[in-house]
Protein chains: 2
Amino acid sequence: MPETTRRAERPSGSRYGNRPTMKDVAARAGVGLKTVSRVVNGEPGVTPDTERRVQEAIDALGFRRNDSARVLRKGRTASIGLILEDLADPFYGPLSRAVEEVARAHGALLINGSSAEDPEREQELALALCARRVDGLVVIPAGDDHRYLEPEIRAGVATVFVDRPAGKIDADVVLSDNHGGARDGVAHLIAHGHRRIGFIGDMPRIHTAAERLRGYRAAMEDAGIPVEERWMSLGVTSPERVRRAAREMLTGPDPVTAIFTGNNRVTVTVIRVLAGHSRRVALVGFDDIELADLLQPGLTVVAQDSAALGRTAAERLFRQLDGTPVAPERIELPTKLITRGSGELPPDD
Amino acid sequence: MPETTRRAERPSGSRYGNRPTMKDVAARAGVGLKTVSRVVNGEPGVTPDTERRVQEAIDALGFRRNDSARVLRKGRTASIGLILEDLADPFYGPLSRAVEEVARAHGALLINGSSAEDPEREQELALALCARRVDGLVVIPAGDDHRYLEPEIRAGVATVFVDRPAGKIDADVVLSDNHGGARDGVAHLIAHGHRRIGFIGDMPRIHTAAERLRGYRAAMEDAGIPVEERWMSLGVTSPERVRRAAREMLTGPDPVTAIFTGNNRVTVTVIRVLAGHSRRVALVGFDDIELADLLQPGLTVVAQDSAALGRTAAERLFRQLDGTPVAPERIELPTKLITRGSGELPPDD
DNA sequence: CCCGAGTCTGACAACGTTGTCCAGGCTCTA
DNA sequence: TAGAGCCTGGACAACGTTGTCAGACTCGGG
């Protein structure tokens, strides 16, 4: 009873009940294995009559091609991986969605994972995806050393970094113009008469945070305003820390009359602080926020197009995959200043 | 020259350059194939010295286990699929994140796709994921007929529906208490003196929309208020339609003095309409919104815990996978009325 | 009526991994 | 020192699919 023996050798943890395979379909339809394969893949060279018989067998058995086996044989998985910081962050929703759209247009599935800003977790995830043999990887880096990806890239895994550049390797990267955007935003405040302007941002080891701080400094320098140390606060974006930082620069002698916030999480917290504050303080935030127009006053922001970031990165990825090899490139997308009121408040003193 | 011949038979489209395999590692380390397998999987029965040699070969070659082959052999992929409507919708971010967290805790990866509310696309996605042999599927249904999943479920693919029940099949489902939540929200308006209350919601074929409408009707009936047809508007949640619907019920003789909105997209649009409206109109919305507390007046909402929905569904999924088979169940999570001002405005007439 | 060209079909190997099973060398005890 | 038992290592088959190649069959023309 060889059939029984064969089944018994199946590893016991299998979930695939006894899923029908092409062999089963072939047996039922009374044709050869390859003929079933041809039908399933729409290859030519099958008479309509045979095709119909095979199709009936497929339907009757509920057969579904096993892509693991297919991948093993063909070498391509038609799936790409996306590693981001936190799917629950509204900034990443549209980005992720845009990557998915492009992947879909290329017939690929998207596998994603959150690094939670932990470099180790990023690496773990990236390598797990490589073990899955994804065709490519879109990474929003948490760490600053990506040499661990070198063997993968050499082996043909297309790789594009988004939002922040890769560390210690040469790879495609798609960024917003963080420096220019921050400079514009701060310049906007200066143009409305502010001189004592605060900056609250993320940890300086994060590339975007550092760039935005640079932009802040540049704008101040352009205007000939010496920056005071206590106007700048960098660190984790937890509400507690941000709240404390904002309160500190809003009190004491010579308090700031305006604040530039380094990302959406910071902005939200600062808005709450300002809502409970007696003096009116101007505010410009990096990243747009839903309902920003409905706040009182409307929130002026430096908006980056997160969907465009995702789309550009994904397209770049598939260009690596489809076409001839191209040299790594750095693409910078412009930001846009959207004025809604909060940045146009005059200084109060 | 058998080696050359073997390589030449590789399908030409392969991306895997010449990725090293266990065979290559074994050759380099001077051990057998299975010994490499044992080292890679941390199985016992390898002397420290041999293990070190194998590990060196692995590092030198940049070997990474091919999970496709592994899956083929073992039958389990350690990955689950999530199908939702639109990743860019803030409601789904936390949900997706919660599912991912649970998956991670079980050592599984998450593959996700957006159905864009298109039943056909949902099916296409679900079947593609099944072809990938995901171990399980979390689905936020767009369609109302899921019989196409029957063969998959029979074959052992764990399946849980979220937010809306499955159509025409018996399966696990995790829902919010849409009916009760809407009823509470509307009752809240009634308690503040409103009698002419509008309802703007999504297309009635969507389960959640229908349930919330039922809740609205129930609250009105409980209060003995006859509902007028022109107070209710169901349809696509595009800003244009919602804006028109809101304007219609706000004008004419006997306009509504309060509006209950059926989801976050509708709520946002209605807030914009009300902001440009002369009369003060009370508002309660289904789904919480970031910054709702900072609007003027603060937005009163019926909040559902989307992260809890995702977590509960994913946990249920892994219970199906880990343990003994369980009968399909319907789990309903409570909603929470959060009062912030907009729902407490008195009627204006 | 036969042969060649063309069409359709199926046997077989290979993709890279893991489970089974056995061989050989070692240690420990009597 | 011999025998029993343990530990390590390796040969082999199988997972389900696809590419190759050759065989069988059909049809039309000579």
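Chain letters run A, B, ... following the sequence lines, proteins first and then strands; every chain starts at 1. The shown structure was predicted, so the numbers you read here are calculated from the model rather than taken from an experiment.
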Worksheet item: Using a cut-off of 4.0 Å between protein heavy atoms and nucleotide atoms, how would you tag nucleotides 7-12 of chain C 5' to 3' with B, S and -?
Response: -SBBB-

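In this entry the distance linking CZ of R64(A) with C1' of dG16(D) reads 16 Å, nearest Å. At whole-Å resolution of the value, CZ in R76(B) and C1' in dC15(D) are 16 Å apart. Per the geometry, CG belonging to N66(A) stands 18 Å off P belonging to dC15(C), to the nearest Å. The distance from atom CZ of R70(B) to atom P of dG16(C) is 17 Å, rounded to the nearest whole Å. One interatomic measurement links the two molecules: CZ of F63(A) to P of dG16(D), which rounds to 10 Å at whole-angstrom precision. In this structure, CD of E43(A) is placed 8 Å from P of dT18(D), rounded to the nearest angstrom. Rounded to an integer number of Å, the gap from R73(A) CZ to dA14(D) P is 19 Å.
A sub-4.0 Å separation between OP1 or OP2 of dT18(C) and a side-chain N or O of R65(B) is present. For dT18(D), the OP1/OP2 oxygens have a side-chain nitrogen or oxygen of S37(A) closer than 4.0 Å. The side chain of K23(A) contributes no N or O atom lying less than 4.0 Å from OP1 or OP2 of dT17(D).
For R38(B), the salt bridge (charged side-chain N to carboxylate O under 4.0 Å, His left out) criterion is met by no residue, not counting sequence neighbours. Applying the salt bridge (charged side-chain N to carboxylate O under 4.0 Å, His left out) criterion to D118(A), with sequence neighbours excluded, gives no partner residue. In this structure R104(A) satisfies the salt bridge (charged side-chain N to carboxylate O under 4.0 Å, His left out) test together with E124(B), sequence neighbours excluded. Considering only residues two or more places apart in sequence or on other chains, A27(B) meets the side-chain contact (heavy atoms from CB on, under 4.5 Å) condition with none of them. Partners of R97(A) by salt bridge (charged side-chain N to carboxylate O under 4.0 Å, His left out), not counting sequence neighbours, listed by chain and number: E101(A), D86(B). In this structure F318(B) satisfies the ring-ring contact (aromatic ring centres under 6.0 Å, His included) test together with H106(B), sequence neighbours excluded.
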Below 3.5 Å between N/O atoms, which protein atoms pair up with nucleotides 23-27 of chain C? Just atom names and distances, please.
none

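Relative to the axis of its first five pairs, the axis of the last five pairs of the helix from dC1(C)-dG30(D) to dA30(C)-dT1(D) sits at 50°, rounded to 10 degrees.
Sorted by first and then second residue, the ring pair (Phe, Tyr, Trp, His ring centres under 6.0 Å) pairs involving residues 31-88 of chain B (not counting sequence neighbours) form an empty list.
Of the residues in residues 51-61 of chain B, not one comes within less than 4.0 Å of DNA chain C through any heavy atom.
Between V71(A) and S68(B), the shortest heavy-atom distance links the atoms CG1-OG, 3.0 Å. Nearest heavy atom pair, residue A142(A) against residue S115(A), reads CB-OG, 3.8 Å.
At a threshold of 4.0 Å, the pair D49(A)-R53(A) counts as salt-bridged, since one of the basic side-chain nitrogens sits closer than that to a carboxylate oxygen. Salt-bridge check for R311(A) with E100(A): failed, with every basic side-chain N at 4.0 Å or more from each acidic carboxylate O.
To the nearest 0.5 Å, atoms CG (D24(A)) and CD1 (I58(A)) are separated by 12.0 Å.
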Got a list of side-chain donor-acceptor pairs under 3.5 Å for residues 159-166 of chain B, not counting sequence neighbours?
from    : atom 1 : to      : atom 2 : distance (Å)
T159(B) : OG1    : V157(B) : O      : 3.1
R164(B) : NH1    : P141(B) : O      : 2.8
R164(B) : NH2    : E85(B)  : OE1    : 2.7

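In summary, of the residues considered (L84(A), L82(A), D172(A), N112(A)), a side-chain contact (heavy atoms from CB on, under 4.5 Å) with V138(A) occurs for L82(A) alone.
In this structure, of dC15(D), dT18(C), dT17(D), it is dT18(C) that holds the atom nearest to the side chain of N41(B).
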